[in-house]
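Written out below as structure tokens is the structure these notes cover.
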Amino acid sequence: VLTQSPGTLSLSPGERATLSCRASQSVASAYLAWYQQKPGQSLRLLIHSTSTRATGVPDRFSGSGSGTDFTLTISRLEPEDFAVYYCQQYGNSPPITFGQGTRLEI
Amino acid sequence: QVQLQESGPGLVKPSETLSLNCSVSGRSISSSGYYWSWIRQVPGKGLEWIGYMYYTGSSYYNPSLKSRVAISVDTSQNHLSLTLNSVTASDTAVYYCARGGGLNPFDIWGQGTMVTVSS
């Protein structure tokens, strides 16, 4: 089980965002990913393997962590970054599991 | 550029079978090394992985759905299919196909298709 916190994060453009994802058991080989979802849209892969940015993802997005505790950091928020973020583990699968999401709002 | 597009009926009656297709363009679905998955999202809620199929034809399902679900591939049409039997209102969701699964993240997603289970 992946538990994300906080449920909602209220920040302003230019601020730093720190999103947490905690696993109920150690995630095998750090197979942890982060996704972004905007209203009415599909999901976009941001980070995989804990800290590797997907193709085309700006470097203000970074991932870190190990074992059961993982973090997505957005260094300086841009207006387009306000969305819902999900973590996902794919090392202890099946089943693949997702966190419940963190809503990042202005 | 790989693109995925889901299609299927938007309304299914309780106890019937939900059938969806995912058309893959830009790459052969039987290309070596790729997994192809179905994931669903109840509106306003979280995400649930349904299952994936490897290019070899091997499939793996979420234990919570395993008794009711099947994923198949039609290489001649280059599409992925999902069938879910004996549906109930709790199967109402947006259904996504995605490239990924196994020890791979979901790097490409379709736009999703909304399925409502109602009489």
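Only heavy atoms go into these numbers, but all of them, side chains included; no hydrogens, no water, no symmetry mates.
Per-residue counts of heavy-atom pairs under 4.5 Å with chain A were compared for B/Trp109, B/Tyr60, B/Tyr52; the largest is that of B/Trp109. Between chain A and the residues B/Gly112, B/Gly46, B/Pro105, the largest count of heavy-atom pairs under 4.5 Å involves B/Pro105.
The aromatic rings of B/Phe106 and A/Tyr35 sit tilted relative to each other, their planes meeting at an angle between 30° and 60°.
The shortest heavy-atom contact between B/Trp49 and A/Ile96 is CE3-N, 3.4 Å. The minimum heavy-atom distance linking B/Gly110 with A/Ser42 is given by the pair O-OG, 2.7 Å. The shortest heavy-atom contact between A/Gln41 and B/Tyr96 is O-OH, 3.8 Å.
Within 6.0 Å of the CZ atom in A/Arg103, the count of heavy atoms belonging to other residues, nucleotides or ligands does not exceed 12.
With a threshold of 4.5 angstrom between heavy atoms, A/Gln37 approaches chain B through side-chain atoms but not through N, CA, C or O. Interface residue A/Tyr90: backbone and side-chain heavy atoms are both found under 4.5 Å from chain B. For B/Ile108, no part lies near chain A; criterion is any non-hydrogen pair under 4.5 Å.
Placement of B/Val24 and B/Ile39 in two distinct hydrophobic clusters is found when ILVMFWY residues are connected by side-chain heavy-atom separations under 4.5 Å, directly or transitively. Hydrophobic clustering, with ILVMFWY side chains joined whenever heavy atoms are under 4.5 angstrom apart, groups B/Leu84 together with B/Tyr61. Residue B/Trp38 is not grouped with residue B/Val94 when hydrophobic side chains (ILVMFWY) are merged at heavy-atom distances under 4.5 angstrom, including chains of intermediate members. When hydrophobic clusters are built by joining Ile, Leu, Val, Met, Phe, Trp and Tyr residues whose side-chain heavy atoms come closer than 4.5 Å, directly or via intermediates, A/Leu46 is grouped together with A/Leu19. B/Ile50 and B/Tyr54 are members of different hydrophobic clusters when ILVMFWY side chains are connected at heavy-atom separations under 4.5 Å.
Counting heavy atoms from C-beta outward, A/Pro95 and B/Pro63 have side chains that approach closer than 4.5 Å. You'll find the side chain of B/Leu47 stays beyond 4.5 Å of the side chain of A/Thr97, heavy atoms only.
Atoms NE2 and CG, on A/His48 and B/Leu103 in that order, are 13.0 Å from each other to the nearest 0.5 Å. Taking CD from B/Gln41 and CZ from A/Phe98, the interatomic distance works out to 9.0 Å, rounded to the nearest 0.5 Å.
Among pairs with a residue in residues 53-82 of chain B, those fulfilling salt bridge (charged side-chain N to carboxylate O under 4.0 Å, His left out) read B/Arg68-B/Asp91, at least two apart in sequence or across chains.
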